[in-house]
Each structure stands twice: as structure tokens, then as C-alpha cells.
Amino acid sequence: LRKLVIAIDGPAGAGKSTIASRLARKLGYVNLESGAMYRALALKAIENDVSFDDSASLLRLAESSRIELQPQIDGNRVLLDGQNVSRRIRERDVTEGASRVSVHPPVREWMVARQREMGVNGGVIMEGRDIGTAVFPDADLKIFLDADPTVRAERRIEQNAAKNDEAAAKALREDLLRRDQRDTTRTASPLVPAADAIVLDSSKLGIEEVLTRIEQLIAERS
Ligand code: C5P
């Protein structure tokens, strides 16, 4: 069977990581979370006192970094210069930083070049915001996974154990909407479905149905 390249794009909380890791397990593919690379760079910027707005310094920082994604059963282990930063990069300051460093075209070009190298042999599911539009414009299958903002925020609130903390839940909702806004309005590779992407809505379908639908699409292309 041919080893495909599958792109999954969409906003935060649409279920991309869950879908990508479950599909990868079923197919024997690797799943790569491109967002974790932007997060790792944001962390490095925090550690080195580099501003999230300083495009040239961020590029230099990226060029001097070793960012590795190691696919695991339930997501990626992320190494920054050999250090396991998988947990740290999910915290709020890094999440906000990733959203801000990712607007800079030189940063994006550097990331896209690294991400293409990871996909050369196929058998890859990469998730992010620009995988179908910029990283793998020739991907065998492009999914744009969407969901209502309220549903996406509620999922994040569950994941972050902000359930019983109304202030934390409110902050999380606002953060998510702000990052959506930044992703969709930036000039460099904004978050939009590729012209040939198949749009699925995980608030209407549910994760199991989304998986079944994608498996059908893969079978048609293999
Ligand atoms: O997917 P995740 O939430 O980990 O991504 C963190 C941030 O990195 C996103 O908010 C988005 O701004 C940026 N990103 C991007 N392009 C990608 C993946 C992530 O701009 N392919």
C-alpha cells in the first residue's frame, strides 16, 4: 500500500491531535504536531528574553535551535535542544507566545522547510494551520477540521481542568478566541481551508464519525 501524506488543519480545540494520533495508530503512520514546533520556539524566546515581536531575532533563535518531534501513542514528545519540554510548552505563556511568533514570515519559512523534511518518506499525518496550504500543497488527503467556538473552548476547559474554576474557564475562552483571530487574520499563511480540503465539523459529527469518514477517504486514495 502506498504511504500517504495526510494534512489536518483547523482551529484550536477542533480535535486535530486526537484524530491524528488515533489515525496514525490505525495506519502505522507517524503523527506530527506542527504547532509544537512554534510552541518550542516561543519557549526558547521566553528563556532567552527575545520579544515575540522581534522577527529577525526569532529567526536567528530558530536557526540555532534543535526542535525534535517524537511521535508517541498519545501525541508528540517535544525536545528543545535535547530537553523534554512536552509539558512546559502547553502552559499559558507559551501558548500565547506560539500564537505570536507564528505571524512572522521568516519564522514560518523556517518551520515549513523543517516540516517538509519530516514528510519526504510519506506515511505521515501532520496537523496544524497551514499544512494543506503551505507545507504539503500536494498532500494526498487534506482535512480541515472545524467546530463551533463554544464547543472548542469547552473541550479545552475540560483538558485544562478549569472546569470548576469559572475565572480560569473565562480566561481560556478569551485566549482561544484571540488566537483564532490572530491565526485567521495574519497575512502569512492565515488559517483557511485549502481549496481542495475536505471540511469536517467535529461539533456536528463527533470524533468517532470524523474518524470513520476520514478512513473512508483514505481507503479511496490508497
Ligand atoms: O496547534 P497548536 O495549538 O499547538 O499551535 C500553537 C500555535 O502555533 C497556534 O495557535 C498557531 O498560531 C501556530 N501554528 C501555526 N501553524 C501551524 C501550527 C501552529 O501558525 N502549522
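Quick note: numbers below take in every heavy atom, side chains included, and nothing from hydrogens, waters or symmetry partners. For the single chain, residues carry numbers from 1 onward in sequence order. When a ligand or atom number is given, it counts from 1 through the structure's own listing order.
Under the salt bridge (charged side-chain N to carboxylate O under 4.0 Å, His left out) criterion, Lys204 pairs with Asp201, not counting sequence neighbours. Legend: residues meeting side chain to side chain donor-acceptor pair (under 3.5 Å) with Ser102, ordered by chain and number and at least two apart, are Arg186.
The nearest pair of heavy atoms linking Pro193 to Thr133 is C-CG2, 4.4 Å.
Relative to the six-membered ring of Trp110, Arg114 meets both conditions, a distance below 6.0 Å and an angle of at most 45° to the axis.
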Find all protein N or O atoms under 3.5 angstrom from an N or O atom of ligand 1 and list the pairs with distances, or write 'none'.
from, atom 1, to, atom 2, distance (Å)
ligand 1, 1 (O), Arg129, NH1, 2.9
ligand 1, 1 (O), Arg129, NH2, 3.4
ligand 1, 3 (O), Arg39, NH2, 3.0
ligand 1, 3 (O), Arg129, NH2, 3.2
ligand 1, 4 (O), Arg39, NE, 2.6
ligand 1, 4 (O), Arg39, NH2, 3.3
ligand 1, 12 (O), Ser102, OG, 3.1
ligand 1, 12 (O), Asp183, OD1, 2.5
ligand 1, 16 (N), Arg108, NH2, 3.0
ligand 1, 20 (O), Ser102, OG, 3.4
ligand 1, 20 (O), Arg108, NH1, 2.7
ligand 1, 20 (O), Arg108, NH2, 3.3
ligand 1, 20 (O), Arg186, NH1, 2.9
ligand 1, 20 (O), Arg186, NH2, 3.2
ligand 1, 21 (N), Ser34, OG, 3.0
ligand 1, 21 (N), Arg129, N, 3.1
ligand 1, 21 (N), Asp130, OD1, 2.8

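Side-chain contact annotation: Thr95 with Arg39, donor-acceptor N/O pair under 3.5 Å present.
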Give every donor-acceptor pair under 3.5 Å between a side-chain atom in residues 4-21 and any protein atom, sequence neighbours left out.
from, atom 1, to, atom 2, distance (Å)
Asp9, OD1, Arg129, N, 3.1
Asp9, OD1, Asp130, N, 3.1
Asp9, OD1, Ile131, N, 2.9
Asp9, OD2, Ile131, N, 3.2
Asp9, OD2, Gly132, N, 2.7
Lys16, NZ, Gly10, O, 3.0
Lys16, NZ, Pro11, O, 2.9
Ser17, OG, Glu127, OE2, 2.6
Ser21, OG, Ser17, O, 3.0
Ser21, OG, Thr18, O, 3.4

